[in-house]
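Contents: one structure, followed by commentary.
In what follows, every chain begins at residue 1, and chains take the letters A, B, ... in the order their sequences are listed.
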Number of protein chains: 4
Amino acid sequence: MSKVEKNKKQKENSLYDAAYDLFTTKGINDTAISEIVKKAGVAKGTFYLYFKDKYDILDKIILNKSSQVLSEAIIETKNKNFTEFEKELLYFINYIIEFFKKDKLMLKLIYKNLSWGIFKKAYRDYEEIQEIYLMFERGYENTSLPKEDIEKILFIIMELTGSICYSSIILNEPANIDEMKPILFDTIKKII
Amino acid sequence: MSKVEKNKKQKENSLYDAAYDLFTTKGINDTAISEIVKKAGVAKGTFYLYFKDKYDILDKIILNKSSQVLSEAIIETKNKNFTEFEKELLYFINYIIEFFKKDKLMLKLIYKNLSWGIFKKAYRDYEEIQEIYLMFERGYENTSLPKEDIEKILFIIMELTGSICYSSIILNEPANIDEMKPILFDTIKKII
Amino acid sequence: MSKVEKNKKQKENSLYDAAYDLFTTKGINDTAISEIVKKAGVAKGTFYLYFKDKYDILDKIILNKSSQVLSEAIIETKNKNFTEFEKELLYFINYIIEFFKKDKLMLKLIYKNLSWGIFKKAYRDYEEIQEIYLMFERGYENTSLPKEDIEKILFIIMELTGSICYSSIILNEPANIDEMKPILFDTIKKII
Amino acid sequence: MSKVEKNKKQKENSLYDAAYDLFTTKGINDTAISEIVKKAGVAKGTFYLYFKDKYDILDKIILNKSSQVLSEAIIETKNKNFTEFEKELLYFINYIIEFFKKDKLMLKLIYKNLSWGIFKKAYRDYEEIQEIYLMFERGYENTSLPKEDIEKILFIIMELTGSICYSSIILNEPANIDEMKPILFDTIKKII
DNA sequence: TATGAATGAGAATTCATTCAT
DNA sequence: GATGAATGAATTCTCATTCAT
């Protein structure tokens, strides 16, 4: 990577970091581009060299951060070499929950903006994400369930986990996450 | 109600209707108060006589609209006089889904802004909402499940339904709502 | 006119005056809206209460100013009660030339932006403008020339006068206006 | 011409072509240098190696294009070997009109920016342009008209033609060019 | 010569909120 | 209570120009 390339990457990263910090602490609406560039230590025009507008950098942040969480979770899960699908899945889900318990701000930013569409995009750029689906496929390999239905079940479990995390970690509703966990795990067991 | 009172109510309602229309079609961020008052046919200052700001009227709209949907759904469900809890619940859920299939815009507005907190508020102002909980209580009356756990299950099912509606009706992901329904119903059956 | 109405008119006029001054002295491109409002002594937002953008106020200024010049010229001409069309027309043209000799800045602003379209608009709002056409009609009343052709001749003479004024008064090309006048008058005599 | 020289000329020409295309289609104000260089396929800095700013390249384009039209028109006219001045002049004028009928965009760009000053500049660089004046001189050779007056008449006719072309071809006012032509030709006949 | 990333001043525009009528 | 003109801070976004490579 040339010096120029390095410098470009550095500037882009400064912008990512600054925007992420401001989005999580002040909220998206209350963050102005002028604040992002100030915090990143670059000129205003530089922002527009890399991003179309505030929502462009937001989308890219959401994609990066959520992919990171999922990657980390699936890698850690695979390292455990589970033999049983149920245990493996619950470990994976639990890893995500514990992650978000420690990083509420990220959860807040990601959740309301995360969608299956972004998840699919992550497929391409982060190959670990594919491992999540493969885990499910292995879990259902002795059943006659068609591929699409496996995907739907995966989707339902992910959505459910996301919803519960958001409500209980951020809003403490209808109870805090530790109280919700047993019933969530129970539900997931029933689903699979 | 005096003539003056009527006039006031009328103005307030115009504002509600105008704001709802604009929020659903243009989005919340892209709707200015000046547009709301213009559409409502009242003066700018009048808005501030009834609401604090844009988010004040939004919250009230969300509360009204979501309570309306749930009220309608539970009333219709009760009218059917189901004897079996499972059938009753699925009818209720299905009613909501079919409602949102016909009114995507409302779903879009409500979902991203609905929370268990608003749901609890609705308890107070709309007594039909309490019926939803009572339906669950009856469903679990022969079990030893504590009150809080029943509430959590209700919550989980509501969140799951909301998530699935949003993804499949608005985004068609991972499949359209009619394809998702069987698997969602199956999941709910397993949960309860 | 109520106090509020008066105040509005006053603000609008301040904006007109400030914009006219800046457009003529600094040029259109180099005049910012922030300068206009500053000079007019009103807030930035006030500008947008009355005009869409810089070109909106420019168009209105062009229409006003050019109508004013033509009105003044035709009124003065009619006051002289000429009996001969040629003499009347040349007096009218000369009046315009002398006007612009004294107000080069207005000429510069108006000319490149003036068009027959604006002239037609002026017909509606300033009834004196119609007198210009009536003068021509009377001049040609004993000929069989169709109405449209009279209009075309009027147009040609107006365009020619405008062009010559602009080149010779502003650019001194190909000679100054006093040198150009005899040949212009000669040309007009030949045309009519 | 060396390879380097060729390459330079090529870049300069790309810039000319790109700028001309953008000026005619988007307008001068709405064309940014960044767009010109993008379309020309050269780097931003390269622009400043050849031109001072946007108005520098504009002036050069205007000079080139207008000289081209006039050159073409006078060459074609001379090829016809007219013996009568009136016929020769009208052929020349008509050639210009027909040219602009086919290339409205060029007319639009040139007219508002053309001046006698540019015309005089063209004298130096394009010797054919001098032929236009010579045609006039021959036309008036048997009169006692001083040189300056001949130039003024030429100027008046050129200005008039330009004005009429612009109004009737671009704006269709007060009539389309084909309706205006007879009356314009008539006027020119009277003038000479 | 040529490049194009970076700059940052500054332009246009919006809009929540106030307040005299 | 109702109005809507006025405000001006805040925000987005553009773009000519520079300069290290």
Side-chain angles (χ1 to χ4, degrees), chain A residues 2-12 15 29-38 40-55, chain B residues 4-5 7-8 11-12 29-38 41-56, chain C residues 2-12 15 29-38 40-55, chain D residues 4-5 7-8 11-12 29-38 41-56:
Chain A
S2 76
K3 203 175 166 186
V4 174
E5 292 281 304
K6 247 183 211 161
N7 205 266
K8 277 174 69 176
K9 203 73 206 159
Q10 215 170 30
K11 291 221 185 287
E12 199 185 346
L15 285 166
N29 269 327
D30 292 339
T31 298
I33 289 171
S34 57
E35 288 176 284
I36 298 174
V37 294
K38 199 177 171 185
V42 301
K44 222 177 243 180
T46 308
F47 180 91
Y48 293 94
L49 242 37
Y50 295 97
F51 308 102
K52 208 183 131 284
D53 56 26
K54 200 163 72 173
Y55 301 99
Chain B
V4 174
E5 293 278 305
N7 201 265
K8 277 174 64 179
K11 285 204 191 299
E12 201 185 342
N29 268 327
D30 292 340
T31 298
I33 289 174
S34 60
E35 288 176 286
I36 298 173
V37 295
K38 197 178 173 187
V42 302
K44 236 180 210 171
T46 307
F47 181 91
Y48 293 92
L49 296 174
Y50 295 97
F51 307 101
K52 204 183 135 283
D53 56 24
K54 195 164 75 174
Y55 300 100
D56 184 25
Chain C
S2 77
K3 201 174 165 186
V4 173
E5 292 281 305
K6 248 183 211 160
N7 205 265
K8 277 173 69 176
K9 203 72 207 160
Q10 214 170 32
K11 291 222 185 285
E12 200 185 343
L15 285 166
N29 268 327
D30 292 338
T31 298
I33 288 171
S34 57
E35 289 177 284
I36 299 173
V37 294
K38 199 176 172 187
V42 301
K44 225 179 236 179
T46 307
F47 179 91
Y48 293 94
L49 243 37
Y50 295 97
F51 308 102
K52 208 184 130 283
D53 55 27
K54 199 163 72 173
Y55 301 100
Chain D
V4 174
E5 293 278 303
N7 201 265
K8 277 174 67 179
K11 285 206 191 298
E12 200 185 343
N29 268 327
D30 292 340
T31 297
I33 289 174
S34 59
E35 288 176 286
I36 298 173
V37 295
K38 197 177 173 187
V42 301
K44 236 179 211 173
T46 307
F47 180 91
Y48 293 92
L49 297 175
Y50 295 97
F51 307 101
K52 203 184 137 283
D53 56 26
K54 195 163 74 173
Y55 300 100
D56 183 26

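Listed by chain and number, the residues in a side chain to side chain contact (heavy atoms under 4.5 Å, CB included) with B/D56 are B/F51, B/K52, B/D53, B/K60 (sequence neighbours excluded). Residues passing the salt bridge (charged side-chain N to carboxylate O under 4.0 Å, His left out) test with C/K9, sequence neighbours excluded: C/E12.
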Check step by step if side chain to side chain contact (heavy atoms under 4.5 Å, CB included) holds for A/L15 and A/F47.
CA-CA 7 Å; A/L15 285 166; A/F47 180 91; 4.0 Å; yes
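For the pair C/S34 and D/V4, both in contact range of DNA chain E, the more 5′-proximal nearest nucleotide belongs to D/V4. Nearer to the 5' terminus of DNA chain F, by closest-nucleotide assignment, is the contact made by C/G41 (compared with the other of D/E35 and C/G41).
Note that the OG1 atom of C/T46 and the NZ atom of C/K44 stand 12.0 Å from one another [nearest 0.5 Å].
Closest of all the heavy-atom pairs between D/K11 and D/Y50 is CB-OH, 4.2 Å.
Residues from residues 43-53 of chain A lying near DNA chain E, meaning a heavy-atom separation below 4.0 Å, are A/A43, A/K44, A/G45, A/T46, A/L49, A/Y50 in numerical order.
Stem list for DNA chain F (at least 3 consecutive Watson-Crick or G-U pairs, distances under 3.5 Å): E:2-21 with F:2-21.
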Side chains of residues 30-38 of chain D: which donor-acceptor partners sit under 3.5 Å, not counting sequence neighbours?
| unit_1 | atom_1 | unit_2 | atom_2 | d |
| --- | --- | --- | --- | --- |
| D/T31 | OG1 | D/L22 | O | 3.3 |
| D/T31 | OG1 | D/G27 | O | 2.7 |
| D/E35 | OE1 | D/K26 | NZ | 3.3 |
| D/E35 | OE1 | D/A32 | N | 2.9 |
| D/E35 | OE2 | D/K26 | NZ | 2.4 |

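Computed from coordinates, the C/K38 NZ to E/dA11 C1' distance equals 15 Å when rounded to whole Å. Note: CD (D/E12) to P (E/dA2) measures 10 Å, nearest angstrom.
Counting 5' to 3', DNA chain F first comes under 4.0 angstrom of a heavy atom of chain B and last does so at the ends given by F/dG1 to F/dA6.
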